[in-house]
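One structure below.
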Amino acid sequence: MLQVPFIRDNKDLVIERLAKRNIDAAEDINQVVALDEARRGLQTKLDNALAEGNKLSKEIGGLFKSGDIDKANVLKEKTSQLKVDSKELTEALNNTTSALNELLYKLPNVPNKLVPSGNTEDDNEVVFKEGDIPILDDDALPHWELAKKYDIIDFELGNKITGAGFPVYKGKGAKLQRALITYFLDKNTEAGYTEFQLPHLVNEASGLGTGQLPDKEGQMYHVAADNLYLIPTAEVPGTNIFRDVVVNEIDLPIAITGYTPCFRREAGSYGAHVRGLNRLHQFDKVEIIRVEHPTKSYEALNGMVAHVKTILQELKLPYRILRLCGGDLGFTSALTYDFEVFSTAQDRWLEISSVSNFETFQANRLKLRFKNSEGKNELAHTLNGSSLALPRVLAGILENYQTKDGILVPEVLQPYTGFKIIN
RNA sequence: GGAGAAAUGGCAGAGUGGUCGAAUGCGGCAGUCUUGAAAACUGUUGAGGGUCACACCUCCGGGGGUUCGAAUCCCUCUUUCUCCGCCA
């Protein structure tokens with residue numbers, strides 16, 4: 001959620017930047033400013049009424065003590081009108097505040113100046129490209145065929161047990177997946193991230209905290225009996241660690257990593273590109289999360305990008321990095337870099353990581369602050385990224401490492417798998 | 001799942017209707033003493049909002065109620081602990 005004081009002071013900039021997302025926010029922004037002014041006016045009036053009431057109560061207390069009941073009763077009369085007033089003011093204040101919040105919840109984050117304008121993923125800007133795209137035989141197979149051929153992933157079995165999008169990994173497939181998870185976690189902890197094991201279900205407050213609720217309600221699986229949501233990403237439990245927290249400035253930055261399964265309903269996304277591992281309802285992901293000082297967050301974002309790069313370099317996978325355009329930028333993000341790995345047999349790029357700086361957008365909802373050098377509480381910046389999303393990395397490995405004799409295991413993973421080839 | 005108890009400042013722990021935002025201890029901070037440190041002693045120290053700074057408002061697990069006035073009384077929810085049952 002955007003900060004009202006920031007909107008107040010930078011009205012034109014906010015409107016101009018939000019235009020990168022192809023939205024005309026002028027009306028909403030003006031309304032935010034107006035509602036905020038009304039809110040503050042009501043708050044002052046209410047505070048004054050309450051102060052008056054407090055004063056009278058104290059006087060009445062004193063009069064009762066000294067036995068001056070008549071005078072006390074006169075003052076009591078006076079308080080009744082005050083009570084009516086403050087009740088009305090409270091109601092008006094609540095109405096104004098919720099109207100303001102409703103509006104604020106609807107407004108996405110203000111894009112960073114680097115964000116290119118554009119509508120669709122075609123307008124994303126390729127900022128980096130690395131790795132050779134292997135030249136495969138004519139009879140090279142897409143990963144879902146390979147999965148069947150070597151009996152390492154069973155899509156139909158998942159279908160039977162649960163439904164489409166819940167594959168079953170078997171034998172060397174399961175082992176390779178586990179090897180990747182461990183490898184990613186090791187890389188992350190080596191880079192200074194502390195490993196966490198987090199809950200896979202979250203409550204409503206956590207969903208609100210990271211911005212999945214209220215706007216993306218339909219994308220999460222909901223456990224109605226207990227009003228809990230299955231996490232769509234470790235970002236939700238991971239970032240909510242810091243909900244309602246004031247950290248010390250010297251404790252920044254905070255860097256954590258965690259492996260979790262992720263559950264996404266993916267309502268409405270059917271079509272040509274959802275085969276095999278490309279789009280699942282349940283998948284595994286290792287996430288990195290940072291809490292940063294506002295002056296350091298973009299440096300940190302670059303650091304996260306560099307970190308993910310080293311992993312892909314070690315895996316020797318061809319990949320590219322995109323700077324997301326305004327139209328493709330997530331609701332809560334100010335700047336996002338997507339990593340895509342080239343899926344040779346499908347002849348297309350697959351998104352395997354998304355690294356974002358949310359600046360204070362999440363921190364504002366979360367009330368995640370740090371005590372600055374002046375002793376004042378200030379909102380921290382939050383960032384997160386995938387390192388990495390498993391299924392598509394797996395798809396990339398299977399397709400790019402296929403040979404006539406089988407699928408080779410990338411060298412860095414061999415200590416983790418204990419085998420060099422899947423055949 | 002059943003029965004009972006509890007939730008107060010960084011922590012421990014008083015406080016059952018009126019100068020209580022809250023005793024006391026520990027911790028923190030500052031000082032005295034000391035070559036330095038420790039100990040001892042003295043002072044200081046809850047949080048959030050608001051203000052240039054004050055004023056002022058809010059907060060004793062969450063929400064609601066009674067009252068001129070609630071940490072204190074009532075309702076409700078949540079969480080924790082103890083005992084019993086079940087159990088990976």
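Here is how names work: the chains are called A, B, and so on, in the same order as the sequence lines, proteins then strands, and each is numbered from 1.
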- Message: Measure CG/A:L50 against P/B:C59 and give the value in whole Å, please.
- Response: 9 Å
- Opposite nucleotide pairing with B:A39, Watson-Crick or G-U, both atom distances under 3.5 Å: none
- Message: In whole Å, measure the gap between the C1' atoms of B:C11 and B:A47 for me.
- Response: 16 Å
- Message: Counting neighbours of CD on A:E249 that are heavy atoms of other residues, nucleotides or ligands and sit closer than 6.0 Å, is the number greater than 12?
- Response: yes
- Within less than 4.0 Å of OP1 or OP2 of B:G48, is there a side-chain N or O belonging to A:K371? yes
- Of the nucleotides B:G69, B:G49, B:G18, which has the atom closest to the A:F64 side chain? B:G18
- Query: Paired with B:U66 by Watson-Crick or G-U wobble geometry, both distances under 3.5 Å: which nucleotide is it?
  - Reply: none
- Item | Between B:G25 and B:G62 - C1' atom distance, rounded Å | 30 Å
- Item | Rounded P spacing from B:G31 to B:U24 in Å | 24 Å
- Task: Write down the distance between CG (A:D244) and P (B:U79), rounded to a whole number of angstrom.
- Result: 17 Å
- Could you give me the CA-CA distance, side-chain angles and deciding distance for A:N188 and A:H307, then say whether side-chain hydrogen bond (donor to acceptor under 3.5 Å, both in side chains) is met? CA-CA 8 Å; A:N188 295 345; A:H307 174 66; 2.7 Å; yes
- From CZ of A:R39 across to P of B:G49 the rounded distance in Å is 12 Å
- P atom, B:A37 versus B:A30: distance in rounded Å? 12 Å
- Heavy-atom nearest nucleotide on RNA chain B taken for A:K55 and for A:T79; more 5' hit belongs to A:K55
- Paired with B:G10: which nucleotide, if any, by Watson-Crick or G-U wobble criteria at under 3.5 Å for both distances? B:C26
- Item | Between B:U8 and B:G13 - C1' atom distance, rounded Å | 9 Å
- Task: Could you tell me the separation between the CG atom of A:L56 and the P atom of B:C57, rounded to a whole number of Å?
- Result: 12 Å
- Quick one: A:N54 CG to B:G21 C1', roughly how many Å, whole number? 13 Å
- Answer with base, sugar-phosphate or nothing: what part of the nucleic acid does A:N48 contact at a heavy-atom distance below 4.0 Å? nothing
- Item | Closest to the A:D47 side chain, choosing from B:G18, B:G48, B:C57 | B:C57
- Message: Please pick, from B:C56, B:C68, B:G49, the nucleotide with the shortest atom-to-atom distance to any side-chain atom of A:K76.
- Response: B:C68
- For B:G17, the nucleotide meeting Watson-Crick or G-U wobble distances (both under 3.5 Å) is none
- Verify the neighbour count for atom CD of A:E102: are there more than 12 heavy atoms of other residues, nucleotides or ligands below 6.0 Å? no
- Ranking A:A51 and A:G61 by the position along RNA chain B of their nearest nucleotide, the one closer to 5' is A:G61
- Item | Pair assignment for B:G4, Watson-Crick or G-U wobble, requiring both distances under 3.5 Å | B:C81
- Message: Need the pair for B:A55. Rule: Watson-Crick or G-U wobble, both distances under 3.5 Å, any strand; none if unpaired.
- Response: none
- Item | A:R243 CZ: over 12 foreign heavy atoms closer than 6.0 Å | yes
- Using Watson-Crick geometry (N1-N3 plus N6-O4 or O6-N4) or G-U wobble (N1-O2, O6-N3), each under 3.5 Å, B:C86 is paired with none
- Task: Would you mind reading off the distance between A:N203 atom CG and B:G62 atom C1', rounded to a whole angstrom?
- Result: 13 Å
- Decide ring pair (Phe, Tyr, Trp, His ring centres under 6.0 Å) for A:H381 and A:F358; before the verdict, give the C-alpha distance in whole Å, the side-chain angles of both, and the deciding distance to 0.1 Å. CA-CA 7 Å; A:H381 282 194; A:F358 306 100; over 10 Å; no
- Message: If I pick the P atom on B:A5 and the same atom on B:U76, what distance separates them, to the nearest angstrom?
- Response: 15 Å
- Looking only at atom C1', what distance separates B:C81 and B:G61, rounded to whole Å? 15 Å
- Span that lies between the P atom of B:G4 and that of B:C59, in whole angstrom: 32 Å
- Find the partner of B:U72: check Watson-Crick (N1-N3 plus N6-O4 or O6-N4) and G-U wobble (N1-O2, O6-N3) distances, both under 3.5 Å, and reply none if neither fits. none
- Query: Between B:G48 atom C1' and A:E378 atom CD, what is the distance in whole Å?
  - Reply: 16 Å
- Rounding to a whole Å, what distance do you find between A:D226:CG and B:C77:P? 16 Å
- The single option from A:F155, A:F166, A:F263 that satisfies ring pair (Phe, Tyr, Trp, His ring centres under 6.0 Å) with A:H281 is A:F166
- Query: Do A:Y416 and A:R178 have a side chain donor and acceptor closer than 3.5 Å?
  - Reply: no
- Query: Are A:K83 and B:G69 close enough that a side-chain N or O sits under 4.0 Å from OP1 or OP2?
  - Reply: yes
